There are 2 protein chains.
Amino acid sequence: MLSIGDLSKRTGVKVPTIRYYEQMGLIEAAERSEGNQRRYERQDLERLAFIRHARDLGLDIPAIRDLIALSQHPDLPCANADRIAADHLSAVREKIEKLKKLEHELERIISHCDGHSIEDCYVIRALSDHGLCEGEH
Amino acid sequence: MLSIGDLSKRTGVKVPTIRYYEQMGLIEAAERSEGNQRRYERQDLERLAFIRHARDLGLDIPAIRDLIALSQHPDLPCANADRIAADHLSAVREKIEKLKKLEHELERIISHCDGHSIEDCYVIRALSDHGLCEGEH
DNA sequence: CTTGTAGCTCTAGTCACTAGAGGAATTATC
DNA sequence: GATAATTCCTCTAGTGACTAGAGCTACAAG
């Protein structure tokens, strides 16, 4: 039987976050000690590690809820789980594309600035005048 | 003299967002009509376009506040403005790196899944068992 | 038995908006 | 000039995934 602090140390998920996940329905409400403190078992450890892992991959809570639900029906086809992952992958790729555009624009603006006064500062001027930009954003 | 709606149409910034920017101190409190409605001038249009542009580049509100303050001292050196942009560029690059790692991990997980049952689903298994991952995350 | 740590609940704060309620002002139409 | 439609006002609360803090209780060590 683990306390919430033990669970936290073993999974790297902070104590308030564990309580938050319980509230969000990602983990079942834990059993309690006589003094009303949460007590966990190995099962909960695994569940929380799963959640942690999915969060690290950037999945949001509704997606994780879905994956947990799916994982409890081992006999179903896994197309749905694959779809959740694939959709997330698309979203990640889109974000990368957007950020790359920003990266290039920022590089360009910065490299154009000669570093003298604000009056001539290309950073400020580029922000003031969209016409100095390349591409749309 | 423009109404808030006119300003919104011309800059692409939504009406409530304009009011929000006023509240955040990014734009000065506008003059009011007799009936207490905001009235704007060309100056405000330019300021708002500047803000919009900076937000599109991903700068946060405190950074924009700083840039606005700087832009009002044309005689100062522009090192500070450049630094804000350069710091933001670093942050953008870090995000890209993190997302690329996620992208690869997701690709790997998805490609390993044979698409049959949840029981064997690599997506679910990879989440359950960190040992199946490459790299740290 | 006391002290210190860890636990409990509940509320509010983060960021940059967005949505909605309930009411007043302005503009367009008749 | 009356009415209707649209826009505007303020204020509050909600978003996601936590995080911080207040005020209190439980438990372990010495």
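Because the structure is predicted, anything quoted here is derived from the model rather than measured. Order of the sequence lines sets the chain letters (A, B, ...), proteins ahead of strands, with each chain counted from 1.
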- Using the heavy-atom set of chain A and a strict 4.0 Å cut-off, write down the first and last nucleotide of DNA chain D that makes it in, 5' to 3'. dA17(D) to dC27(D)
- Item | More than 12 heavy atoms from other groups under 6.0 Å of CZ on Arg32(A) | yes
If I take atom [atom1] in residue [X] and atom [atom2] in nucleotide [N], what distance separates them, rounded to the nearest angstrom?
X: Asp6(A); N: dT5(C); atom1: CG; atom2: P; answer: 17 Å
X: Tyr40(A); N: dG7(C); atom1: OH; atom2: C1'; answer: 11 Å
X: Ile4(A); N: dT5(C); atom1: CD1; atom2: C1'; answer: 15 Å

Identify all pairs in which a protein N or O lies below 3.5 Å from an N or O of nucleotides 22-28 of chain C, and state each distance.
unit_1, atom_1, unit_2, atom_2, d
dT26(C), OP1, Ser33(B), OG, 3.0
dT26(C), OP1, Gly35(B), N, 3.1

Taking the side chain as every heavy atom from C-beta outward, state whether [X] and [Y] have any atom pair closer than 4.5 Å.
X: Ile68(B); Y: Ile51(B); result: yes
X: His73(B); Y: Ile118(A); result: no
X: Asp66(A); Y: Asn80(A); result: no

- Do any pairs count as a side chain to side chain donor-acceptor pair (under 3.5 Å) and have a residue in residues 20-29 of chain B, sequence neighbours left out, and if so which ones? Glu22(B)-Arg38(B)
- Task: Consider only side-chain heavy atoms of I, L, V, M, F, W and Y, link residues closer than 4.5 Å, and tell whether Met1(B) and Val15(B) are in one cluster.
- Result: no
- Query: Residues two or more places apart in sequence or in another chain: which of them pass side-chain hydrogen bond (donor to acceptor under 3.5 Å, both in side chains) with Asp75(A)?
  - Reply: none
- If you measure from the Lys or Arg side-chain nitrogens to the Asp or Glu carboxylate oxygens, is any gap between Arg52(B) and Asp56(B) under 4.0 Å? yes
- Task: For DNA chain D, determine which residues of residues 8-30 of chain B have any heavy atom closer than 4.0 angstrom to one of its atoms, and list them numerically.
- Result: Arg19(B)
- Task: Enumerate the residue pairs fulfilling salt bridge (Lys or Arg N to Asp or Glu O under 4.0 Å) with a member in residues 88-98 of chain B, sequence neighbours excluded, ordered by first and then second residue.
- Result: Glu103(A)-Arg93(B), Glu107(A)-Arg93(B)
- Item | Check: Asp6(A)/Ser3(A) side-chain N/O donor and acceptor closer than 3.5 Å | yes
